[in-house]
Amino acid sequence: MPLLLRGYRRWHASVKPPVQRRVPLTRADMKKLARNVDKSSLFAVRDFVMCLLGFRAFLRGSELVALLWRFIRFQNGSCRVFITDSKTD
């Protein structure tokens with residue numbers, strides 16, 4: 001049985017599409033986004049702030065989506081974000 005599983009794993013690895021790595025955002029990308037935000041739209045500003053928070057706090061998309069107001073604290077001119085569940089826990 002182990003021989004059969006080794007053969008399957010080898011075959012499965014050869015037919016699996018390669019992982020496509022994404023290019024990370026840079027500070028220049030964030031500055032470009034900031035320049036192009038429609039400041040008359042609260043939704044656009046909210047979306048940009050969420051992108052900025054995710055960028056600055058190195059959050060995964062799932063962590064950003066799960067964020068609630070009760071997990072954010074503003075103290076002494078800083079912002080603390082509490083992540084309740086993370087893939088890297």
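- Note: Leu25 CG to Met30 CE = 6.5 Å, rounded to the nearest 0.5 Å.
- At least one side-chain heavy atom of Phe55 sits less than 4.5 Å from a side-chain heavy atom of Arg27.
- A chain of hydrophobic side-chain contacts below 4.5 Å, direct or via other Ile, Leu, Val, Met, Phe, Trp or Tyr residues, connects Leu68 to Ile72.
- Expressed to the nearest 0.5 Å, how far OG1 of Thr84 lies from CZ of Phe71 amounts to 4.5 Å.
- The side-chain contact (heavy atoms from CB on, under 4.5 Å) test applied to Arg35 returns Lys31, Lys32, not counting sequence neighbours.
- Both Phe74 and Val81 sit in one connected hydrophobic cluster of ILVMFWY residues. Membership requires side-chain heavy atoms under 4.5 Å apart, directly or through other members.
- The side-chain hydrogen bond (donor to acceptor under 3.5 Å, both in side chains) search around Ser78 returns none, not counting sequence neighbours.
- In this structure Thr26 satisfies the side-chain hydrogen bond (donor to acceptor under 3.5 Å, both in side chains) test together with Asp29, sequence neighbours excluded.
- Each of Met50 and Leu33 belongs to its own hydrophobic cluster when Ile, Leu, Val, Met, Phe, Trp and Tyr are linked at side-chain heavy-atom distances under 4.5 angstrom.
- The shortest non-hydrogen separation linking Leu59 to Leu64 is CD1-CD1, 3.6 Å.
- A donor-acceptor pair under 3.5 Å is absent between the side-chain atoms of Arg70 and the main chain of Leu67, judged by distance alone.
- Residues Ile83 and Trp69 are members of one and the same hydrophobic cluster, defined by side-chain heavy-atom contacts under 4.5 angstrom among Ile, Leu, Val, Met, Phe, Trp and Tyr.
- Within a 6.0 Å radius of CZ in Arg46, more than 12 heavy atoms belonging to other residues, nucleotides or ligands are found.
- Summarising the local packing, CZ of Phe43 is surrounded by 12 or fewer heavy atoms from other residues, nucleotides or ligands at distances under 6.0 Å.
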